[in-house]
Amino acid sequence: MRRSLCLVFCLCLLWVGSTAHAHRNQPQSRRIGMVIHGGAGTILKSSLTPEMEKAYRDKLTESLLAGKSVLENHGSSLDAVEAAIRILEDSPLFNAGKGAVFTADGTNSLDASVMEGKSLKAGAVAGVGHIKNPISLARIVMEKSPHVLLTGKGAETFAQLNGVKLVNPKYFFTERRWEELQHEKELEKKGLKENMRAAGFSSPEDRKYGTVGAVALDETGSLAAGTSTGGMTNKKWGRIGDSPIIGAGTYANNQTCAVSATGHGEYFIRLGVARDIAALMEYQKLSVKEATETVILKKLEALGGKGGVIAIDRNGNIAMTFNSEGMYRAYLNPEGQPVVEIFR
Ligand code: ASP
């Protein structure tokens with residue numbers, strides 16, 4: 001009896017020793033993570049046909065899986081963010097790239113930004129009208145220029161110098177966005193919006209956004225964030241929102257988190273939403289969930305702004321927080337499977 005007990009004990013020791021050895025020899029595998037959004041706003045189940053809902057879900061899944069495949073093939077979080085956002089920019093469903101909303105002048109004026117959490121490098125473009133994938137141009141600004149934010153014609157000259165072809169603005173025409181502009185103009189003409197605002201309401205149209213964004217954590221523990229948008233329907237006077245503003249619509253820092261925002265940009269700029277979330281984590285040691293809830297559900301709400309953020313921290317914990325009726329969003333669950341959500 002004693003001998004067989006001894007034998008079992010020795011075998012156990014051998015097994016523990018060999019697995020410990022095996023673990024030491026394995027490259028330390030980290031958890032990858034990714035979250036994307038397709039805009040926040042008045043998205044009610046009743047306002048989406050089953051076909052439309054399926055189209056949104058399918059496109060969000062395709063985008064997330066494109067990012068996942070980059071991460072699984074040892075790509076960087078920046079590559080994953082760019083790959084995911086390009087797919088959303090190429091779809092007419094979202095207010096970015098192909099599906100961008102119209103300005104008051106009947107043109108499309110696109111904004112985008114990216115940030116890398118390891119180097120704190122960032123790049124952005126604003127007010128461009130001939131760029132198919134503004135997220136990629138933002139990345140080129142980050143990697144090939146000494147600047148962070150380029151605008152309008154200058155940004156497009158820089159694009160051409162770096163081999164990016166300009167597209168005919170007709171590329172961005174979609175019937176749906178054109179109709180939205182006409183509707184906005186009608187409301188404006190009737191003075192309806194002003195009356196509603198004076199009475200303390202905002203019209204549902206005020207809350208129809210559709211910006212896209214992505215945040216990711218790669219196997220090296222590096223974070224990245226990106227955001228791309230057409231801005232807000234009927235925007236005037238060269239208005240630029242939060243999406244290309246580092247610290248407002250986009251932020252990434254490996255010490256804390258990566259954030260991409262969507263919503264009424266003016267409020268996000270005034271609160272410095274994305275950087276504020278990272279700062280709460282850095283200085284007050286809040287979790288990513290607590291930090292996003294403090295900024296969106298308390299500060300943004302108190303100021304009267306609507307919208308939301310997606311965020312991921314350096315351990316792969318995620319947050320998707322919004323104070324609007326809905327936010328198109330998708331994330332990889334702990335098993336690495338895509339989960340798409342739209343409503344509250
Ligand atoms: N934040 C964007 C802007 O204000 C709009 C949006 O998120 O849909 O330009």
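First listed ligand is number 1; within each ligand, the first listed atom is number 1. All values reported here derive from a predicted model rather than from experimental measurement. Numbers here are sequence positions counted from 1.
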Query raised in the report: Taking everything shown except Lys236 itself, do over 12 heavy atoms lie less than 6.0 Å from its NZ?
Result: yes
Report task. State whether a side-chain donor-acceptor pair under 3.5 Å links Thr107 with Asp105. Result -> no
Query raised in the report: Is there a heavy atom of Arg239 sitting under 4.0 angstrom from any atom of ligand 1?
Result: yes
Query raised in the report: Quick one: does Lys299's side chain have a donor or acceptor within less than 3.5 Å of a partner on Ile296's backbone?
Result: no
Query - Thr211, any N or O under 3.5 Å of ligand 1 N or O - result: yes
Query raised in the report: What about Gly210: any of its N or O atoms under 3.5 Å from an N or O on ligand 1?
Result: yes
Report task. Could you tell me whether a side-chain N or O of Lys185 sits under 3.5 Å from a main-chain N or O of Ala104, the two making a donor and an acceptor? Result -> yes
Query raised in the report: Does a side chain donor of either Ser222 or Ser77 reach within less than 3.5 Å of an acceptor in the other side chain?
Result: no
Report task. Heavy-atom contacts with Gly241 under 4.0 Å: which atoms of ligand 1 show up? List them by number with element. Result -> 9 (O)
Report task. Please say which of Ile36, Val81, Val35 ends up in a side chain to side chain contact (heavy atoms under 4.5 Å, CB included) with Val215. Result -> Val35
Requested in this report: Output yes when Asp58 and Lys54 qualify as a salt bridge under the 4.0 Å nitrogen-oxygen rule, no when they do not.
Outcome: yes
Query raised in the report: Against heavy atoms of Ser243, which atoms of ligand 1 measure under 4.0 Å?
Result: 1 (N), 2 (C)
Report task. For Thr262, take its heavy atoms, then give the atoms of ligand 1 lying under 4.0 Å from any of them. Result -> 6 (C), 7 (O), 8 (O)
Report task. Please indicate whether any nitrogen or oxygen in Gly265 is less than 3.5 Å from any nitrogen or oxygen in ligand 1. Result -> yes
Requested in this report: Take every heavy atom of Gly39, measure it against each atom of ligand 1, and state whether any distance is under 4.0 Å.
Outcome: no
Query raised in the report: So is there a nitrogen or oxygen of Asp242 less than 3.5 Å from a nitrogen or oxygen in ligand 1?
Result: yes
